[in-house]
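Reviewing the structure listed below.
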Protein chains: 2
Amino acid sequence: MSVKISMKDVAKEAGVSVSTVSRVLNNGKYVTDETKNKVNTAVKKLNYRPNVIARGLRTQKTNSVGLILPDITNEFFGKLAKSIEEKLNEHNINLLLCNSNENPKIEKNYIEALLDKSVDGLIFISSGFDENLDLFPEDLPVVVIDRRPSADRNIYFISSENKKGGYLATKHLIENGCRDILMLKDEKLVSPMNERLLGYQAALRDYNIDFRPEYIIKSKIDLKEIKEKILKIHNKIKFDGIFAGADRLAIGAIRTLSKLGYQIPADIQIVGFDNIPFAKYYNPSITTIAQQIDKIGHKSAELIIELINNKNMGQADSFYFPVYLIKRESTT
Amino acid sequence: MSVKISMKDVAKEAGVSVSTVSRVLNNGKYVTDETKNKVNTAVKKLNYRPNVIARGLRTQKTNSVGLILPDITNEFFGKLAKSIEEKLNEHNINLLLCNSNENPKIEKNYIEALLDKSVDGLIFISSGFDENLDLFPEDLPVVVIDRRPSADRNIYFISSENKKGGYLATKHLIENGCRDILMLKDEKLVSPMNERLLGYQAALRDYNIDFRPEYIIKSKIDLKEIKEKILKIHNKIKFDGIFAGADRLAIGAIRTLSKLGYQIPADIQIVGFDNIPFAKYYNPSITTIAQQIDKIGHKSAELIIELINNKNMGQADSFYFPVYLIKRESTT
DNA sequence: CTGAAAGCGCTAACAG
DNA sequence: CTGTTAGCGCTTTCAG
């Protein structure tokens, strides 16, 4: 039975012309109720479904949005993708998901592929290579999340108050008595981490603690790598607190330090970032800075839809969502 | 500069006909090297990119594959999605990702949307509502993963040796001295969990331990829910071992039991399933049954590509990938 | 209110 | 080897 049935078949069945069918399906304006009924009956009877490819060719709209992100298995990006997709789905827009794997070259390929596919808009979490932003045509609706492109680009941007998060985390540690505070951060020069670092530095300054560059430990957000880094420095540097720029880093650190015999939080206190689901269920549970991922995701989706429907929105805006500290067992 | 340039422009620039351009771009057969050069030069000069929508309309191929899965934030599905996408990308096939959220109705919408989009094939992880499988047209290449549809459907299926996994986990606990072994399983009637349960039962039988239905604890794969379930039963049922059908369940259980004062593994030994990255870094690290997610993902992608290129492959096959036990601290 | 006709950009016979 | 032609399925003037 798999013969694809087209508008032509519906038209014949309903005894009207193709254009009338099209009219009924699209807006229903300028059509008698009677013809409407005839068409609708025929549509049902034949189980007709419009061919969106043909429609796309004609209208130059695809009802699809591309999402490029570094790694879907990172729980932050995973949740983000989910909330974006959820919202787009409400508007019958499909999501084309692309993992750049933090690789600018793959990212470039994906951008081109998505443009070729004529996506109506693009939501973009950069691999950190700003040049790829130049691939976007002027008139393509684009929303950038999380990793801020350099300032001179006129582009919509959404993220959390990362600096404030770093400040809150560090302040919490200081007020709990820590004086020698490590910061664990991504090795990449990517804005959220840098802003968290700025927050960390600002807190130290406010409490008159000297900033020491050797207290910044760089590692991929990878459990194994952070373990190796911790093993390498734990007996070279003296520290009583850790601000981990991501919960994954916090988990790797806690695990490694526990195995080395340190007590958390008695010997070393730790604050993470992101509030991934496991943070609450880790042993010990992890004090962390929560981001409102759902809000970021929904806002991104809403914004891209708005941009698609109304391309001329003038000066691009930025949006920053509040973060807050959740106190758990990894700090006193 | 954003005027979309088409094959016509290239043809004019190169001084040839549109069909010649098409020929050069597609296979290059039956064209002089000279014309080839002319065309290629024009393509480069104009920075031409083919319109895949138009091509799709004409060829009835979209070079895209749909992936429907229950929840991208579940690390098993996330990794699966990533490995599928990776492989498809090698073949220049785009992935349309859809989260059904374990909801048959959303799932149905997505199936229809993907069919409307004329995806070339579909990779499908069911929400557990088999009727949705009937929505697939006979001639659509489909690969089902993880959750096996009822046997009478002629459909390609890929998963792990779940029963064997359940057996290995339970056997390990028994050989470590456990006699009262809980099984934590998804509340859904979904095949992987049921097969793990069969493995659990088979192991008990082989070691002459009675199966007691009250030792099967059902919970969503959700940290909070499993916590509540454990709290409810821990002092009603006596147990010295737990086989958790998913690492997430294992983590929720360990955390809850630790808080209650039980020592893991001294008082209670636990084996999980999946080998998610955190299993290795949990406190204590978790003995688990590893699935070869990458292999499953790559196989699915390869299979769907094969089916797309060669629709008539006859009787549908099933593929089961080996699992193995990784010994860590949550068992002795 | 409805139908005819053109055309979105591309590919695939079919001639030559 | 290359050009002409038709048409994929739909929307959108333009007449009527």
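Keep in mind that this is a model prediction, so the values were computed, not measured. Residue numbers start from 1 in every chain, and the chains themselves are labelled A, B, ... in the order their sequence lines are given, proteins ahead of strands.
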Looking at D:dC8, I'd like to know if its phosphate oxygens (OP1 or OP2) sit under 4.0 Å from a side-chain N or O belonging to A:Asn51. no
With a 4.0 Å cutoff (strictly under), does any side-chain N or O of B:Thr35 reach OP1 or OP2 of D:dC1? no
Within this structure, what is the CZ-to-P distance between A:Arg49 and D:dG9, rounded to whole angstrom? 16 Å
Protein-nucleotide distance (A:Lys12, atom NZ; C:dT2, atom C1'), rounded to Å: 19 Å
Compare side-chain N and O positions of B:Tyr48 against OP1 and OP2 of C:dC10 and report whether any pair is under 4.0 Å apart. yes
Students often get this wrong, so: under 4.0 angstrom with heavy atoms, is A:Thr59 touching a base, only sugar-phosphate, or nothing? sugar-phosphate
Rounded to whole Å, please give me the gap between CD1 in A:Ile53 and P in C:dT11. 14 Å
Give one of base, sugar-phosphate or nothing for A:Val16, where a contact means two heavy atoms less than 4.0 Å apart. sugar-phosphate
Judged by nearest nucleotide, the residue sitting upstream toward the 5' end of DNA chain C, A:Tyr30 or A:Ser19, is A:Tyr30
Tell me: CD of B:Gln60 to P of C:dC10, nearest whole Å? 16 Å
Interatomic distance, B:Leu46 CG vs C:dG9 C1' [rounded to whole Å]: 15 Å
How are the rings of A:Phe319 and A:Tyr156 set relative to one another: parallel (under 30°), tilted (30 to 60°) or perpendicular (over 60°)? parallel
Return the value, rounded to whole Å, for the distance between atom NZ of B:Lys8 and atom C1' of C:dC8. 10 Å
Salt bridge check, B:Lys12 against B:Asp9: does any charged N sit closer than 4.0 Å to a carboxylate O? no
Just by distance, do the side chain of B:Thr62 and the backbone of B:Ser118 share a donor-acceptor pair under 3.5 Å? yes
With a 4.0 Å cutoff (strictly under), does any side-chain N or O of B:Ser6 reach OP1 or OP2 of C:dC8? no
B:His298 pairs by side chain to side chain donor-acceptor pair (under 3.5 Å) with which of B:Glu86, B:Lys87, B:Glu90? B:Glu86
Over all strands shown, is A:Ser22 touching base, sugar-phosphate only, or nothing at heavy-atom distances under 4.0 angstrom? base
Is it true that a side-chain atom of A:Asn37 and a backbone atom of A:Glu34 form a donor plus acceptor pair closer than 3.5 Å? no
Once hydrogens and angles are ignored, does a donor-acceptor distance under 3.5 Å link the base of C:dG3 to the side chain of A:Arg23? yes
Kindly point out which of C:dA6, C:dC10, C:dT2 is positioned nearest to the side chain of A:Arg58? C:dA6
In terms of side-chain heavy atoms of B:Met7, which of C:dG9, C:dC10, D:dC10 is nearest? C:dC10
Counting only side-chain N and O atoms of B:Thr20, is one of them less than 4.0 Å from OP1 or OP2 of D:dG3? yes
Between A:Lys38 (NZ) and C:dC1 (P), how many Å, whole number? 14 Å
Between A:Lys220 and A:Glu102, does at least one N-O distance fall below 4.0 Å, as a salt bridge requires? no
Establish, with yes or no, whether the OP1 or OP2 oxygen of D:dT11 is under 4.0 angstrom from a side-chain nitrogen or oxygen of A:Arg55. yes
Separation of atom CG in A:Asp116 from atom P in C:dC10, rounded to whole Å: 11 Å
